[in-house]
Amino acid sequence: LTPRHQPSTRDATLRSSDSTAWPGQAFNVWNMVLGHALQRELVAVTGEQDRGLKRSRFSVLRSIRCPAALVELGFLSHAPSANRLRSKSEIAVLADALFAGILRYQGRLL
């Protein structure tokens, strides 16, 4: 979730609506820690290019009451990605990476 008074990653233009305070922004630091942990594990297991962590005010993140991250594992409109998401073994690899990322995040909490 993009912090208050900052532009989102995809649009560097600061808008008046960017000053809105959302409940999920109370966890900005931990949202980033979680996002980086998940990103690191996913890049490690997939070998894909690390496109970095992106921040936006997606509606599913605005009202969260705990640290959270939105993970996109692929795009069905992109044939290679769609094919990978049809494979049970590939889905298992992605799930294991997400689990490892959650454990990495948990380790930061202790």
Q: Quick check: do Val43 and Gln39 have side-chain heavy atoms less than 4.5 Å from each other?
A: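 The answer is yes, as the side chains (C-beta and beyond) meet within the 4.5 Å cut-off.
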
Q: Are Trp30 and Ile102 connected in a single hydrophobic cluster, I mean Ile/Leu/Val/Met/Phe/Trp/Tyr linked by side-chain heavy atoms less than 4.5 Å apart?
A: yes

Q: I'd like to check Asp96 versus Val45 (side-chain heavy atoms, cut-off strictly below 4.5 Å). Are they in contact?
A: no

Q: Quick one: are Leu73 and Leu98 in side-chain contact, heavy atoms under 4.5 Å?
A: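 Yes, side chains in contact.
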
Q: Quick one: are Arg40 and His36 in side-chain contact, heavy atoms under 4.5 Å?
A: no

Q: Between Gln6 and Asp18, is any side-chain donor less than 3.5 angstrom from a side-chain acceptor?
A: no

Q: Would you check if there is a donor-acceptor pair between the side chains of Ser8 and Thr2 at a distance under 3.5 Å?
A: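 Yes, Ser8 and Thr2 have a side-chain donor paired with an acceptor closer than 3.5 Å.
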
Q: Where do Gly101 and Ala37 come nearest, in terms of heavy atoms and distance?
A: O-CB, 3.4 Å

Q: Are Asn31 and Ile64 packed together at the side-chain level, in the sense that at least one heavy-atom pair is separated by less than 4.5 angstrom?
A: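 Yes, their side chains come closer than 4.5 Å.
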
Q: Which atom names give the shortest non-hydrogen contact between Glu41 and Ala100, and what distance separates them?
A: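 Closest heavy-atom pair between Glu41 and Ala100: OE1-CB, 3.6 Å.
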
Q: Return the CD to CG distance between Gln25 and Leu61, rounded to the nearest 0.5 Å.
A: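 So the CD of Gln25 and the CG of Leu61 are separated by 10.5 Å.
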
Q: Let me see the working for Leu70 and Leu1 under side chain to side chain contact (heavy atoms under 4.5 Å, CB included), right down to the final yes or no.
A: CA-CA 9 Å; Leu70 173 65; Leu1 188 64; over 6 Å; no

Q: Locate the shortest heavy-atom distance separating Gly74 from Ser81; write the atom from each residue and the value.
A: CA-OG, 3.0 Å

Q: What do the steps show when you test Leu103 against Gln106 for side chain to side chain contact (heavy atoms under 4.5 Å, CB included), and what is the final call?
A: CA-CA 5 Å; Leu103 292 179; Gln106 180 185 30; 3.5 Å; yes

Q: Between the side chains of Glu48 and Arg84, is the shortest nitrogen-to-carboxylate-oxygen separation below 4.0 Å, so that they form an ion pair?
A: yes

Q: To the nearest 0.5 Å, what is the distance between OG on Ser56 and CZ on Arg62?
A: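 Between Ser56 OG and Arg62 CZ, I get 8.0 Å after rounding to 0.5 Å.
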
Q: Report the C-alpha separation of Leu94 and Leu85 in whole Å, then their side-chain angles, then the decisive distance to 0.1 Å, and conclude whether the side chain to side chain contact (heavy atoms under 4.5 Å, CB included) test is met.
A: CA-CA 9 Å; Leu94 295 172; Leu85 293 172; 4.0 Å; yes

Q: Please check if the number of heavy atoms outside Arg4 that lie under 6.0 Å from its CZ is greater than 12.
A: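 Enclosed.
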
Q: Look at the side chain of Lys54 and the backbone N and O of Arg51, then say whether any donor-acceptor pair between them is shorter than 3.5 Å.
A: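 Yes; judged by distance alone, with no hydrogens or angles, the pair exists.
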
Q: If two hydrophobic side chains count as joined below 4.5 Å and joins carry through other members, does Leu34 share a cluster with Trp22?
A: no

Q: Within the structure provided, determine whether Asp50 and Leu42 are in side-chain contact (heavy-atom separation under 4.5 Å).
A: no

Q: Report the C-alpha separation of Val33 and Tyr105 in whole Å, then their side-chain angles, then the decisive distance to 0.1 Å, and conclude whether the side chain to side chain contact (heavy atoms under 4.5 Å, CB included) test is met.
A: CA-CA 7 Å; Val33 172; Tyr105 168 75; 3.8 Å; yes

Q: Which atoms form the tightest heavy-atom contact between Pro7 and Leu14, and what is the distance?
A: N-CD1, 3.6 Å

Q: Is there a side-chain contact between Arg15 and Arg57 in this structure, where contact means two heavy atoms from C-beta onward sitting under 4.5 Å apart?
A: no

